[in-house]
Amino acid sequence: MSKSPLQDELTGHEYDGIREFDNPIPGWWSWMFFGGVVFAVLYYMAYQLGTLGTSVAEAYDQAVTANLKLQFEEIGTLTPDEPTILKYMQKKDWLLFGQKTFEGNCVSCHAKGGIGMVGPNLTDDYFKNVKRLGDIATVIQDGAANGAMPAWQNRLHPNEIVMVSAYVASLRGQNKDGPLGQQGSKIDPWPEAPPEAASE
Amino acid sequence: MTTIQTTEPTDPALSKSGILEKFSYDDGIVRLFLLATLIWALVAFLVGIIIAIELAFPQANMGIPYITFGRLRPLHTNAAIFAFAGNTIFAGVYYSTQRLCKARMYSDLLSKLHFWGWQLIIVSAVVTLPLGITQSKEYAELEWPIDIAIAVVWLGFFGGNFLMTLIKRRERHLYVALWFYIATILTVAMLHVFNNLVIPIFGGTLIKSYPIYAGVQDAFMQWWYGHNAVAFFLTTPFLGLMYYFMPKAADRPVFSYKLSIIHFWSLVFIYIWAGPHHLHYTALPEWATTLGMIFSVMLWMPSWGGMINGLLTLRGVWHQVTTDPVLKFFVVAVTFYGMSTFEGPLLSIKSVNALSHYTDWTIAHVHAGTLGWNGFMAFGMMYYLLPRLFQTKLYSKKLAETHFYLATAGILLYVIPIYVAGLTQGLMWRAMTDQGQLMYPDFVESVTRSIPFYWMRVVGGSCYMVGALLCAYNYYKTWRSRPKVYDVPVHEAPALSKGYVDPPPPESRLKGVTDLGHKVDIWMQFKWHRKWERLPVRFTVWVLIAVGAASLFEIIPTFLIRSNVPTISTVTPYTPLELAGRDIYVSEGCYNCHSQMIRPLLAETIRYGEYSKPGEFVYDHPFQWGSRRIGPDLAREGGKQSHIWHVRHFQDPAQITPGSIMPAYPWFEKKELDFKSIPLRVKAMVFLGVPYTQDEQDNAEELARAQAKLIAGEIVEQNGPPGLEDKEVVALIAYLQRLGTDIYKTPEPEAETESTDEPAAGGGH
């Protein structure tokens with residue numbers, strides 16, 4: 001483009017006073033255009049027809065496996081029962097894990113920190129459908145109160161149910177004020193933690 | 001007021017090229033369209049600002065159902081695209097086509113029918129969309145009677161008038177601007193018709209229809225349409241305007257005729273394929289989204305061909321840009337065009353799209369395009385036309401300059417914060433902790449972060465609007481100083497004679513190559529295209545082949561290959577009550593903020609549950625996948641919350657979820673549910689092939705009432721308010737509680753064996 005634009009050749013066309021230069025297509029434009037076409041063909045062949053690419057579904061399955069490994073490799077798959085919940089109530093890391101699960105799924109009803117909103121306050125000694133520690137997991141899995149508490153077994157991994165149960169159980173005793181006041185009846189304290197779990 | 005007169009040629013030389021004819025241009029129609037452009041621009045911008053405020057401050061709707069975000073957002077997009085950009089196109093096309101063809105528009109009557117018909121269509125959009133009368137397909141929300149009117153006005157009045165003008169033209173060859181107009185008229189008509197094939201519900205005062213496509217196929221058709229509406233309503237016609245007004249305003253020849261040819265055809269052919277990039281990672285088969293991506297990448301240079309031809313036309317006259325507001329608007333417009341058409345291919349790359357999709361990034365992208373490219377082309381053209389149409393001086397060049405700077409600042413103040421908001425949302429949604437959990441599990445956290453950016457957008461949008469108001473004032477003052485009677489110059493040109501002989505094909509300039517080499521060289525000189533340019537019908541047919549063939553290549557496999565939509569035996573039609581609830585969901589425009597499509601991405605399935613499968617949507621007429629997550633995805637909402645939660649959440653979302661910007665819907669609990677129309681809805685679905693049982697067809701209303709009573713009873717048991725069994729809220733809750741639950745049902749043994757032996761037709765009913 002060293003030539004002055006005024007010296008470019010015209011095509012001789014004219015429409016309502018508009019004329020057109022007979023300039024060639026810029027070289028870089030052509031190269032980029034054909035580069036795009038070549039990329040498109042190669043990409044489609046490699047991705048859809050060949051074996052180079054990973055399909056979206058395969059990549060997802062790999063990510064899920066890796067994530068499960070990252071989350072639960074050291075503990076395996078747990079059974080959401082009373083001793084297991086009690087054990088994980090003593091482990092700070094896992095309580096934090098349970099808290100995240102709670103924040104993702106439970107705060108819409110029980111509010112942040114479990115002080116209650118549509119669902120009851122979880123920080124006091126009064127419970128509606130829980131008498132023993134293990135009942136927390138049961139309520140989470142199956143739901144309760146005519147569906148006011150939805151069932152979560154399709155949505156949460158058993159380990160998540162254990163951790164969120166442990167986190168909920170750990171809220172008890174904070175006795176924070178919530179909008180609903182006390183609901184249900186006062187229940188017995190949670191059992192004592194087994195000594196070996198606490199020391200871990 | 002026809003002024004065509006014929007005079008017998010006295011000069012024998014003239015008789016060869018036809019009879020010399022006198023004619024004048026119809027600028028009255030251009031003045032009308034230009035005025036409509038200005039008025040609708042202000043309306044579109046105002047509605048845009050209102051909904052921008054509502055996002056930052058939901059109470060701004062003052063509890064009025066008609067102006068909630070979900071109902072106004074479609075009005076904003078429709079007003080901006082079809083009213084503002086539409087009238088811009090018509091003004092520019094009517095002005096330039098007459099001059100490029102040396103002919104008055106074919107029929108003044110068709111011009112007037114086109115103008116008033118189109119304005120009536122827009123007015124009906126302004127009425128129906130706030131009333132919740134909508135098809136819920138983005139930029140195709142208008143219901144079927146209006147759709148028919150659009151087809152008639154667009155293709156019949158506008159298209160007919162335009163094509164007949166081409167045929168009656170006195171200029172032998174068609175200039176590149178006209179090529180783009182041809183592509184626009186043809187393709188928009190095709191897109192509009194095929195995306196709006198619906199079955200209307202007749203009965204009562206209902207204006208309601210269901211698309212003939214369901215689920216995956218409906219989504220595919222919608223984004224074939226949606227993407228190409230951007231291509232053929234906001235791109236090709238504006239490129240045509242650029243090719244006319246830019247060289248006129250700069251008084252410079254167009255940079256390269258050859259580039260015009262190659263970028264026109266490559267653009268028209270490639271654009272059509274790219275639609276599926278709006279559906280990356282969705283339940284659409286992956287081959288289709290891969291095609292969408294690679295064609296988008298290929299589209300980059302064809303788009304930039306237009307930008308280069310525009311900007312390089314200004315070589316040698318850049319100093320004029322500093323003094324001429326018209327050129328200023330054009331230069332910035334073309335620059336934004338270049339930026340948007342680079343960003344488009346970028347966003348179409350799957351891994352980029354995984355981050356950007358559903359976020360405000362898309363919103364920033366389209367506003368750079370619409371405010372920058374379409375808006376500035378429109379205003380540049382307006383300032384070019386005002387003195388010419390009103391045959392006086394522009395009232396104030398300085399005001400036009402102020403408009404330019406204010407609007408440019410407005411665009412930047414709009415898009416930069418919204419880009420930041422979009423990136424923030426995308427990154428927060430996918431952020432994971434070391435323990436493999438979501439860093440921000442509560443969706444509302446990303447909303448709270450976005451609010452300051454939403455306020456900045458209000459400021460940016462307002463700047464843009466104030467600029468447009470300055471333009472309106474300039475328009476008014478210029479109009480005031482018009483002459484008492486417009487001068488209508490009479491032009492003279494010979495009619496086109498028959499028996500035109502094309503110049504001989506050029507010689508090859510190459511030496512020492514084979515015959516094939518010579519042929520390629522001759523072809524590359526593009527002289528062959530010159531012949532096409534004098535044959536408008538043949539040209540039109542070639543455009544039709546280009547856009548039609550590309551469409552069929554994608555559409556036919558999507559509809560015919562069964563494996564694209566594997567059926568799931570436990571997925572059954574919505575109950576009559578759920579169907580009624582779904583129609584309320586559609587009518588309220590919930591899809592404007594909530595997607596129903598969980599992508600197979602880890603962070604997404606942790607947040608929302610198992611990813612969406614194609615077979616889950618086979619009864620979804622229309623699909624409700626959405627394109628934006630202002631609120632969380634609802635694809636697996638069923639059973640996630642209790643009935644009572646929904647009741648209280650509709651009353652006041654911000655009370656249940658602190659920080660929520662969802663508007664309150666207290667009227668759901670007050671408005672009576674229209675049980676009477678439910679059998680009509682079921683009947684229409686049966687017509688579309690949805691397998692309702694005979695009992696459901698015969699007793700739709702009774703079944704709906706029974707389910708409503710059941711849900712209302714459960715609400716009471718959950719300590720909710722009594723008496724909701726005949727209110728809209730129960731239907732909505734019934735629908736929401738159904739969403740995404742079918743795949744967890746235990747299959748009935750019979751049904752299971754049936755489905756494994758013989759896969760049912762893949763949702764295409």
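Letters go in sequence order (proteins before strands), and every chain restarts at 1. What's counted below: heavy atoms across the whole structure, side chains too, no hydrogens, waters or symmetry copies.
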**Message:** Taking side-chain hydrogen bond (donor to acceptor under 3.5 Å, both in side chains) as the criterion, tell me which of B:Arg530, B:Arg172, B:His173 meets it with A:His13.
**Reply:** B:Arg530
**Prompt:** Where does B:Ile270 contact chain A at under 4.5 Å (heavy atoms): side chain, backbone, both or neither?
**Reply:** side chain
**Pair B:Trp645-A:Cys109, side-chain contact (heavy atoms from CB on, under 4.5 Å): steps then yes or no** = CA-CA 7 Å; B:Trp645 184 90; A:Cys109 280; 3.2 Å; yes
**Message:** Is B:Leu174 close to chain A through its backbone or its side chain, or both, or neither, when contacts mean heavy atoms under 4.5 Å?
**Reply:** backbone
**Prompt:** A:Asp93, A:Val41, A:Leu156, A:Asp61: which one forms the most heavy-atom pairs within less than 4.5 Å of chain B?
**Reply:** A:Asp93
**Asked** Heavy-atom distance under 4.5 Å to chain A: side chain of B:Arg99, backbone, both or neither?
**Response** both
**Prompt:** Should the pair B:Arg315 and A:Phe21 be classed as cation-pi, given the thresholds of under 6.0 Å to the six-membered ring centre and 45° from the axis?
**Reply:** yes
**Asked** If you count heavy-atom pairs under 4.5 Å between each of A:Ile25, A:Leu96, A:Asp22 and chain B, which one has the most?
**Response** A:Ile25
**Request:** For the pair B:Gln437 (side chain) and A:Phe97 (backbone), establish whether a donor and an acceptor sit closer than 3.5 Å, ignoring hydrogens and angles.
**Result:** yes
**Prompt:** Which bit of B:Ile308 comes within less than 4.5 Å of chain A, counting heavy atoms only: side chain, backbone, both or neither?
**Reply:** side chain
**Prompt:** Side chain, backbone, both or neither: which part of A:Ala145 has an atom under 4.5 Å from a heavy atom of chain B?
**Reply:** backbone
**Prompt:** Is a side-chain donor or acceptor of B:Glu286 paired with a backbone partner of A:Val56 at a separation under 3.5 angstrom?
**Reply:** yes
**Fill in**
Looking only at B:Ser260, B:Gly436, B:Gly305, most heavy-atom pairs under 4.5 Å shared with chain A are made by B:Gly436
**Message:** Using a 3.5 Å distance criterion without hydrogens, assess whether the side chain of B:Arg252 forms a donor-acceptor pair with backbone atoms of A:Ile18.
**Reply:** no
**Prompt:** Do you know which of B:Ile606, B:Thr290, B:Thr289 has the most heavy-atom pairs with chain A at a distance under 4.5 angstrom?
**Reply:** B:Thr290
**Complete:** Heavy-atom closest pair (A:Pro150 atom, B:Ser642 atom, distance to 0.1 Å) is CG-N, 4.0 Å
**Message:** Is B:Glu604 close to chain A through its backbone or its side chain, or both, or neither, when contacts mean heavy atoms under 4.5 Å?
**Reply:** neither
**Item:** Residue selection (most heavy-atom pairs with chain B, distance under 4.5 Å) from A:Asn154, A:Thr11, A:Leu70
**Value:** A:Asn154
**Message:** Do A:Val107 and B:Thr657 make a side-chain contact, defined as non-hydrogen atoms from C-beta onward lying under 4.5 Å apart?
**Reply:** no
**Asked** Between the side chain of A:Trp29 and the main-chain N/O of B:Met301, is any donor-acceptor distance below 3.5 Å?
**Response** yes
**A:Glu160 versus chain B, the contacting section by heavy-atom distance below 4.5 Å** = neither
**Message:** So which atom in A:Glu103 and which in B:Pro441 form the shortest heavy-atom distance, rounded to 0.1 Å?
**Reply:** CB-CG, 3.7 Å
**Message:** Can you tell me which portion of A:Gln71 sits under 4.5 Å from chain B's heavy atoms? Options are side chain, backbone, both or neither.
**Reply:** both
**Asked** With a 4.5 angstrom heavy-atom cut-off, which part of A:Thr101 approaches chain B: side chain, backbone, both or neither?
**Response** both
**Request:** With a 4.5 angstrom heavy-atom cut-off, could you sort out which part of B:Pro658 is near chain A: side chain, backbone, both or neither?
**Result:** neither
**Request:** Please look at B:Ser96 and chain A and tell me whether the side chain, the backbone, both or neither of the residue comes under 4.5 angstrom of a heavy atom of that chain.
**Result:** neither
**Fill in**
Comparing A:His157, A:Lys100, A:Lys112, A:Met32 against chain B, the one with the most heavy-atom pairs below 4.5 Å turns out to be A:Lys100
**Message:** Looking at A:Trp31, I'd like to know if its CH2 atom is crowded, meaning that more than 12 non-hydrogen atoms belonging to other residues, nucleotides or ligands lie closer than 6.0 Å.
**Reply:** no
**Request:** Side chain from CB out, backbone as N, CA, C, O: work out which of these in A:Pro24 comes under 4.5 Å of a heavy atom of chain B, or both, or neither.
**Result:** backbone
**Message:** Any side-chain to backbone donor/acceptor pair from B:Glu714 onto A:Gly147? Under 3.5 Å, distance only.
**Reply:** no
**Prompt:** Are B:Met298 and A:Phe34 side-chain neighbours, meaning at least one heavy-atom pair lies under 4.5 Å?
**Reply:** no
**Asked** B:Met439 versus chain A, heavy atoms under 4.5 Å apart: side chain, backbone, both or neither?
**Response** backbone
**Request:** Measure distances from B:Asn309 to the heavy atoms of chain A and classify the residue's part below 4.5 Å as side chain, backbone, both or neither.
**Result:** neither
**Prompt:** Taking it one step at a time, do B:Arg636 and A:Arg155 satisfy side-chain contact (heavy atoms from CB on, under 4.5 Å)?
**Reply:** CA-CA 10 Å; B:Arg636 303 242 176 267; A:Arg155 295 175 186 273; 3.9 Å; yes
**Item:** Distance, nearest 0.5 Å, that separates OH of A:Tyr44 from CH2 of B:Trp287
**Value:** 7.0 Å
**Message:** Does any backbone or side-chain atom of B:Leu299 lie under 4.5 Å from a heavy atom of chain A? Answer side chain, backbone, both or neither.
**Reply:** neither
**Asked** Taking the side chain as C-beta and beyond, is there a heavy-atom pair between A:Trp152 and B:Lys640 under 4.5 Å?
**Response** yes
**Message:** I need the A:Met149 CE to B:Gln641 CD distance, nearest 0.5 Å.
**Reply:** 10.5 Å
**Fill in**
Scored by heavy-atom pairs under 4.5 Å with chain A, the best of B:Ala177, B:Ser660, B:Gly720, B:Pro600 is B:Pro600
**Request:** Evaluate whether atom NZ of A:Lys69 has more than 12 neighbouring non-hydrogen atoms of other residues, nucleotides or ligands under 6.0 angstrom away.
**Result:** no
**Request:** Please check if the distance between the ring centroids of B:Tyr611 and A:Tyr60 is under 6.0 Å.
**Result:** yes
**Message:** Rounded to the nearest 0.5 Å, what separates atom CZ in A:Phe39 from atom CD1 in B:Ile294?
**Reply:** 8.5 Å
**Request:** Test side-chain contact (heavy atoms from CB on, under 4.5 Å) on A:Asn23 and B:Leu259 and set out the steps.
**Result:** CA-CA 8 Å; A:Asn23 283 321; B:Leu259 187 59; over 6 Å; no
**Fill in**
Of all heavy-atom pairs linking A:Ser108 and B:Ile656, the shortest is O-CG2, 3.4 Å
**Request:** Could you walk me through whether B:Asp442 and A:Phe102 pass side-chain contact (heavy atoms from CB on, under 4.5 Å), step by step?
**Result:** CA-CA 9 Å; B:Asp442 197 355; A:Phe102 186 85; over 6 Å; no
**Message:** How long is the straight-line distance from CG of A:Leu180 back to CG of B:Asn719, given to the nearest 0.5 Å?
**Reply:** 10.0 Å
**Fill in**
Whatever's closer than 4.5 Å to a heavy atom in chain A on B:Phe526 counts as side chain
**Message:** Run A:Asp16 and B:Lys102 through salt bridge (charged side-chain N to carboxylate O under 4.0 Å, His left out) and show every step you take.
**Reply:** CA-CA 8 Å; A:Asp16 192 30; B:Lys102 288 204 181 113; over 6 Å; no
**Item:** Closest-packed option against chain A by number of heavy-atom pairs under 4.5 Å, given B:Met293, B:Arg648, B:His643
**Value:** B:Met293
**Item:** Part of B:Leu602 lying under 4.5 Å from any heavy atom of chain A
**Value:** both
**Prompt:** So with a 6.0 Å cut-off around CG of A:Asp177, is the heavy-atom count from everything else above 12?
**Reply:** no
